[in-house]
Protein chains: 2
Amino acid sequence: MKDEPEQDRCSCSIVHEGPVASARAAEAPVSRLLDLAELFKVLGDPSRLRILNALGAAELCVCDLSVALDMSQSAVSHQLAVLRGARLVRARRDGKSMFYALDDDHVREIVGIATTHLDERKG
Amino acid sequence: MKDEPEQDRCSCSIVHEGPVASARAAEAPVSRLLDLAELFKVLGDPSRLRILNALGAAELCVCDLSVALDMSQSAVSHQLAVLRGARLVRARRDGKSMFYALDDDHVREIVGIATTHLDERKG
DNA sequence: TGAACATATGAACAAATGATCATATGTAAT
DNA sequence: ATTACATATGATCATTTGTTCATATGTTCA
């Protein structure tokens, strides 16, 4: 993602003007792509996926997650902050504990489809 | 994702045994999580999303993409290699050109749901 | 108020990542 | 074969990322 003048990016002659025009027309807004990439980036980490997976089964506090996933409290907390930033989980305080839960069902859907993709592609 | 003995990961007493047990039971296989994370990681980059988006509109060769997205040929090629590795795009040679296309429709679905998520969460 | 517990956060550091540059591979036409 | 074009790939480097350690914030109870 650099911002340079549009020229000699490629030494070739544009072989297929139609498709290129289509591609340009279909170009999504930059802000939208950045948001999407950010969301996927958040999903693109095993530790965070484990947390999401665990929260898919039950609402859990930081300590629970730490124990269940065998991660340090600090690591869990840091990752929960990231997940919270992406609106993937929501927090609720109850006394000294902070309970986390999936914020909506989109996560399940996305993970479900991604899993299907993996199943079909690999084995 | 560290591999350490399961002990004193957290100084707290396990407040909620039931949920923790559920979480443990629901724990997905590590290999599966790694694959999933890898897939999302690939989707978690604006340049690659732009490429996928463009390919969603039409089959394009490297040069087309380079021009349409104003990226260097090298950058496009590198990212296409990553996308190919994740089985998200497929390549077809025609003469000197290599044509790329989305490998299946899961990408569209995933991006669609993610977009919905963004729409509902942000504005 | 003070002690103990639960969570959050900042600094630091190793590892991973994405772009660029230079160059190699592959294809077609002369 | 040689030249030109299209794409792939290796090396390098600045940036980002995830974990750990240390410490701060917040809550409950004595």
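Source: prediction; values computed, not measured. Throughout, protein chains are lettered first and strands after them, A, B, ... in sequence-line order, and every chain is numbered starting at 1.
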May I have the distance from [X] (atom [atom1]) to [N] (atom [atom2]), rounded to whole angstrom?
| X | N | atom1 | atom2 | answer |
| --- | --- | --- | --- | --- |
| B:Asp45 | C:dT17 | CG | P | 11 Å |
| B:Met71 | C:dC21 | CE | P | 14 Å |
| B:Leu80 | D:dT9 | CG | P | 11 Å |
| A:Asp94 | C:dC5 | CG | C1' | 14 Å |
| B:Leu43 | C:dG18 | CG | P | 12 Å |
| A:His16 | D:dA6 | NE2 | C1' | 11 Å |
| A:Leu69 | D:dG18 | CG | C1' | 15 Å |
| B:Arg84 | D:dA8 | CZ | C1' | 8 Å |

Establish, with yes or no, whether the OP1 or OP2 oxygen of [N] is under 4.0 angstrom from a side-chain nitrogen or oxygen of [X].
| X | N | value |
| --- | --- | --- |
| A:Ser77 | C:dT7 | no |
| B:Arg93 | C:dT27 | yes |
| A:Gln79 | D:dT17 | no |
| A:Ser47 | D:dT19 | yes |
| B:Arg48 | C:dG18 | yes |

Review point. Where the side chain of A:Asp45 meets the backbone of B:Ala37, is there a donor-acceptor pair that is under 3.5 Å apart?
Key: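 No, the answer is negative, given that no donor and acceptor are paired below the 3.5 Å cut-off.
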Point to revise | Proximity to the side chain of B:Val62 - top-ranked nucleotide from C:dT7, C:dT17, D:dT7 | key: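 The answer is D:dT7.
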Would you indicate whether the side-chain heavy atoms of [Y] and [X] approach each other to under 4.5 Å?
| X | Y | answer |
| --- | --- | --- |
| A:Ser47 | A:Met71 | yes |
| B:Thr115 | A:Leu36 | yes |
| B:His16 | A:Cys61 | yes |

Hey, is [X] close enough to [Y] for a salt bridge, meaning N to O under 4.0 Å?
| X | Y | answer |
| --- | --- | --- |
| A:Asp103 | A:Arg90 | yes |
| A:Asp105 | A:Arg108 | yes |
| B:Asp64 | A:Arg24 | no |

Check your understanding: Strictly by modelled atom types, are A:Tyr100 and A:Arg92 linked by a side-chain donor-acceptor pair under 3.5 Å?
Key ->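 Side chains of A:Tyr100 and A:Arg92: no pair found under 3.5 Å.
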Check your understanding: Per the atom types in the model, does the base of D:dA8 pair as donor or acceptor with the side chain of B:Gln73 at under 3.5 Å?
Key ->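 When only heavy-atom distances are counted, B:Gln73 does reach the base of D:dA8 through a donor-acceptor pair under 3.5 Å.
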Exercise for review: On DNA chain D, check which nucleotide each of B:Val76 and A:Glu38 is closest to and give me the residue with the more 5' one.
Suggested key: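 The answer here is B:Val76.
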**Study point:** Set of residues satisfying side-chain hydrogen bond (donor to acceptor under 3.5 Å, both in side chains) with respect to B:Glu38, sequence neighbours excluded
**Key:**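 For B:Glu38, no residue satisfies side-chain hydrogen bond (donor to acceptor under 3.5 Å, both in side chains) once neighbours in sequence are set aside.
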Nucleotide N/O to protein N/O under 3.5 Å, stretch nucleotides 10-12 of chain C:
{"from": "C:dG10", "atom 1": "O6", "to": "A:His78", "atom 2": "NE2", "distance (Å)": "2.9"}

Practice item. On the 0 to 90° scale, with breaks at 30° and 60°, tag the A:His106-B:His117 ring pair as parallel, tilted or perpendicular. Key: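 Rings of A:His106 and B:His117: perpendicular, over 60°.
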Exercise for review: Strictly below 4.0 Å, heavy-atom distances to any atom of DNA chain C: list the hits from residues 95-102 of chain A, or just say none.
Suggested key: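 A:Lys96, A:Ser97, A:Met98, A:Tyr100, in order of number.
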